[in-house]
**Student:** 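The structure under discussion is supplied below as C-alpha cells; questions concerning it will follow.
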Amino acid sequence: MIYFPLVAANAGQYAHYVFRTLDQDHSGLLNFENFVHGLSVLSRGSIDEKLRWTFSLYDVNGDGRITREELADVVGSVYEIMGKTAHPAADQHAIVQDKVDRIFQKLDLNGDGVVTLDEFLDACLHDEEIKRSMAVFDSCF
C-alpha cells in the first residue's frame with residue numbers, strides 16, 4: 001500500500017499497524033475480503049471513510065481515543081522507514097515528539113490530552129491541508 005523505494009529499512013512495526021487496521025475481525029489473519037475492503041476505502045472511499053480508517057490506524061489499542069503515546073509509536077514507525085532519508089543526522093526522537101506536539105495542537109480540540117474520533121473528524125474536515133493529503137489515496141482503478 002505505502003511504498004518507500006529509497007529506504008531498505010525494517011518496516012515491520014508500521015506493517016503491524018496497517019495489518020491491525022485491515023484485520024477488521026481481529027482474528028490475526030487477513031482474509032481477502034478484509035484486504036480488498038481496506039484498499040477500497042483508501043482508493044475509492046469518501047473522505048469520512050478514509051478519515052475513519054486513518055483514525056483506526058493511530059488508535060493502536062482500539063479504545064476510541066488516540067493518545068500521544070499511540071501517535072508517537074505510529075509516527076515513529078514511519079520515521080523508522082523514511083526518517084534518515086528525510087532528516088539525515090537528526091534526532092529522530094525529537095522530530096517525532098515535535099510532530100506529535102503539532103498534531104495534538106491541531107486535533108485535541110478540548111485539550112484533554114487525547115483525540116477522540118469526533119475531534120479527529122471535526123479537525124480534519126475543517127483543515128484544507130489534511131483534506132488535500134487524503135486525496136493522495138484517490139485512485140483511478
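Source: prediction; values computed, not measured.
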**Student:** If you measure from the Lys or Arg side-chain nitrogens to the Asp or Glu carboxylate oxygens, is any gap between E49 and R52 under 4.0 Å?
**Tutor:**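 No salt bridge links E49 with R52.
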**Student:** By side-chain hydrogen bond (donor to acceptor under 3.5 Å, both in side chains), which residues pair with K99, not counting sequence neighbours?
**Tutor:** none
**Student:** Please determine whether residues V60 and F19 belong to a single hydrophobic cluster, defined as Ile, Leu, Val, Met, Phe, Trp and Tyr linked transitively by side-chain heavy-atom distances below 4.5 Å.
**Tutor:**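 Same hydrophobic cluster.
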**Student:** What pairs of donor and acceptor atoms, side-chain ones from residues 31-42 against any protein atom, are under 3.5 angstrom apart with sequence neighbours left out?
**Tutor:**
| unit_1 | atom_1 | unit_2 | atom_2 | d |
| --- | --- | --- | --- | --- |
| N31 | OD1 | E33 | N | 3.2 |
| N31 | OD1 | N34 | N | 2.7 |

**Student:** Pairs in or reaching into residues 103-113: which pass salt bridge (charged side-chain N to carboxylate O under 4.0 Å, His left out), with residues at least two apart or in two chains?
**Tutor:** K106-D127
**Student:** Please list, chain by chain and in numerical order, all residues satisfying ring-ring contact (aromatic ring centres under 6.0 Å, His included) with F120, sequence neighbours excluded.
**Tutor:** F55
**Student:** Run the ring-ring contact (aromatic ring centres under 6.0 Å, His included) test against Y17 and tell me which residues pass, sequence neighbours left out.
**Tutor:** none
**Student:** State, to 0.1 Å, how close V96 and G76 come at their nearest heavy-atom pair, and which atoms those are.
**Tutor:** CG2-CA, 3.8 Å
**Student:** Which atom names give the shortest non-hydrogen contact between A72 and Q97, and what distance separates them?
**Tutor:**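 In terms of heavy atoms, the two residues are closest at CB-NE2, 3.8 Å.
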**Student:** Would L29 and D23 count as a side-chain contact (heavy atoms from CB on, under 4.5 Å) if you check the C-alpha gap in whole Å, the side-chain angles of each, and the deciding distance to 0.1 Å?
**Tutor:** CA-CA 7 Å; L29 302 170; D23 179 18; 5.7 Å; no
**Student:** Can you name the residues that form a salt bridge (charged side-chain N to carboxylate O under 4.0 Å, His left out) with R102, not counting sequence neighbours?
**Tutor:**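 Salt bridge (charged side-chain N to carboxylate O under 4.0 Å, His left out) list for R102, sorted by chain: D98.
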**Student:** Looking at every non-hydrogen atom in both residues, tell me the closest pair between I103 and L71 and how far apart they are.
**Tutor:** CG2-CD2, 3.5 Å
**Student:** Tell me, please, which residues at least two apart from D25 pass salt bridge (charged side-chain N to carboxylate O under 4.0 Å, His left out).
**Tutor:** none
**Student:** In chain order, what residues pass the side-chain hydrogen bond (donor to acceptor under 3.5 Å, both in side chains) check against H126, with sequence neighbours excluded?
**Tutor:**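 Result, side-chain hydrogen bond (donor to acceptor under 3.5 Å, both in side chains) vs H126: D122.
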**Student:** Under a 4.5 Å cut-off applied to non-hydrogen side-chain atoms, are N61 and D59 in contact?
**Tutor:**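 Of all side-chain heavy-atom pairs linking D59 with N61, at least one is under 4.5 Å.
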**Student:** Look up atom CD in E119 and atom CZ in F104, then write down how far apart they are to the nearest 0.5 Å.
**Tutor:** 8.5 Å
**Student:** If two hydrophobic side chains count as joined below 4.5 Å and joins carry through other members, does I66 share a cluster with V114?
**Tutor:**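 As far as the 4.5 Å side-chain criterion goes, V114 and I66 are not connected within one cluster.
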**Student:** Are I130 and L109 connected into the same hydrophobic cluster when the rule is that any two of I, L, V, M, F, W, Y join if their side-chain heavy atoms are below 4.5 Å apart?
**Tutor:** no
**Student:** Using salt bridge (charged side-chain N to carboxylate O under 4.0 Å, His left out) as the criterion, list what pairs up with D101, not counting sequence neighbours.
**Tutor:**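 Salt bridge (charged side-chain N to carboxylate O under 4.0 Å, His left out) list for D101, sorted by chain: R68.
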**Student:** Holding to salt bridge (charged side-chain N to carboxylate O under 4.0 Å, His left out), I want the full list of residues that pass it with R20, two or more places apart in sequence or in another chain.
**Tutor:**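 Applying salt bridge (charged side-chain N to carboxylate O under 4.0 Å, His left out) to R20 gives none.
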**Student:** Give the C-alpha distance, both sets of side-chain angles, the deciding distance and a yes or no for side-chain contact (heavy atoms from CB on, under 4.5 Å) between S56 and L117.
**Tutor:** CA-CA 9 Å; S56 70; L117 177 60; over 6 Å; no
**Student:** When rounded to the nearest 0.5 angstrom, what is the spacing between CZ in R132 and CD in E129?
**Tutor:**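 Taking CZ in R132 and CD in E129, the distance rounds to 6.5 Å.
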**Student:** Has the side chain of Q13 got a donor or acceptor atom that lies under 3.5 Å from a matching backbone atom of S77?
**Tutor:** no
**Student:** Measuring from atom CG of L51 to atom NZ of K131, what distance do you get when rounded to the nearest 0.5 angstrom?
**Tutor:** 9.5 Å
